[in-house]
Amino acid sequence: GQQVMQIPQYQHVQEGEDFTTYCNSSTTLSNIQWYKQRPGGHPVFLIQLVKSGEVKKQKRLTFQFGEAKKNSSLHITATQTTDVGTYFCAGLNSGGSNYKLTFGKGTLLTVNP
Amino acid sequence: DTEVTQTPKHLVMGMTNKKSLKCEQHMGHRAMYWYKQKAKKPPELMFVYSYEKLSINESVPSRFSPECPNSSLLNLHLHALQPEDSALYLCASSQSERGVNTEAFFGQGTRLTVV
């Protein structure tokens, strides 16, 4: 079945440093979504990427979708303490009858003020 | 209204109890989902309802029984659970389950403890 690998599992940074998390899928994806889950909270949708090579920005967050639609990254510039949480990528499989989202294991980001 | 509301927020139940989790959304979404999330793990899909019909069952044990009474409501009936079923149960909805409009809105979850 489809697998979505995400690295790193944990990342601890000083406030103001940059942060990047990476996702790789074993199969070509129809789209990829990113979610953020604060400690004790629920996943909150951040963004969806659909096109090959797509790049989207949300303030300090930059999201990329690979040309082959099998990998993606989330980069945060100049982290703040409010960025703390677990960032999940979730891929939607392309083709076949299986349209379920497959979540990566997530990257837990902690920020030292 | 962009919320998915889940009740109860916390639930403690014995292994012989029967209980139900409830989920409601008023965004007109036609796909609704149950996920199970253990601590420090990603959400794990259990069921998908599309247009009030069960679309995906991820080989979930029969002690979990989903129900979709109408397009706004989703229930999860629990019976004879095991302690290892203790987890955060998340409901989510999206405009559709296929194609582009699949971004999911999650409820705050029900934290279930089975004793």
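The model shown is predicted, which means the values in this text are computed figures rather than measured ones.
- Closest approach of Pro43(A) to Leu90(B), counting heavy atoms only: CD-CD1, 3.8 Å.
- The distance from the CG atom of Leu46(A) to the CD atom of Glu103(B) is 12.0 Å, given to the nearest 0.5 Å.
- The number of heavy-atom neighbours closer than 6.0 Å to CE of Met5(A), taken from other residues, nucleotides and ligands shown, is above 12.
- Under the 4.5 Å side-chain heavy-atom criterion for Ile, Leu, Val, Met, Phe, Trp and Tyr, Phe106(B) and Phe88(A) are members of the same hydrophobic cluster.
- To the nearest 0.5 angstrom, Ser94(B) atom OG is 8.0 Å from Gln33(A) atom CD.
- With contacts defined as side-chain heavy-atom distances shorter than 4.5 Å, the pair Thr102(B)/Gln48(A) qualifies.
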Donor-acceptor pairs under 3.5 Å, side chain of residues 37-47 of chain B to any protein atom, not counting sequence neighbours: which ones?
residue  : atom : partner  : partner atom : Å
Gln37(B) : OE1  : Gln37(A) : NE2          : 2.9
Gln37(B) : NE2  : Gln37(A) : OE1          : 2.9
Gln37(B) : NE2  : Lys41(B) : O            : 2.8
Lys38(B) : NZ   : Glu84(B) : O            : 2.7
Lys38(B) : NZ   : Ser86(B) : O            : 3.0

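- At a 4.5 Å heavy-atom cutoff, the contact between Tyr35(B) and chain A is made by side-chain atoms alone.
- Surrounding NZ of Lys105(A) are at most 12 heavy atoms belonging to other residues, nucleotides or ligands under 6.0 Å away.
- More than 12 heavy atoms of other residues, nucleotides or ligands shown are found within 6.0 angstrom of CZ on Phe45(A).
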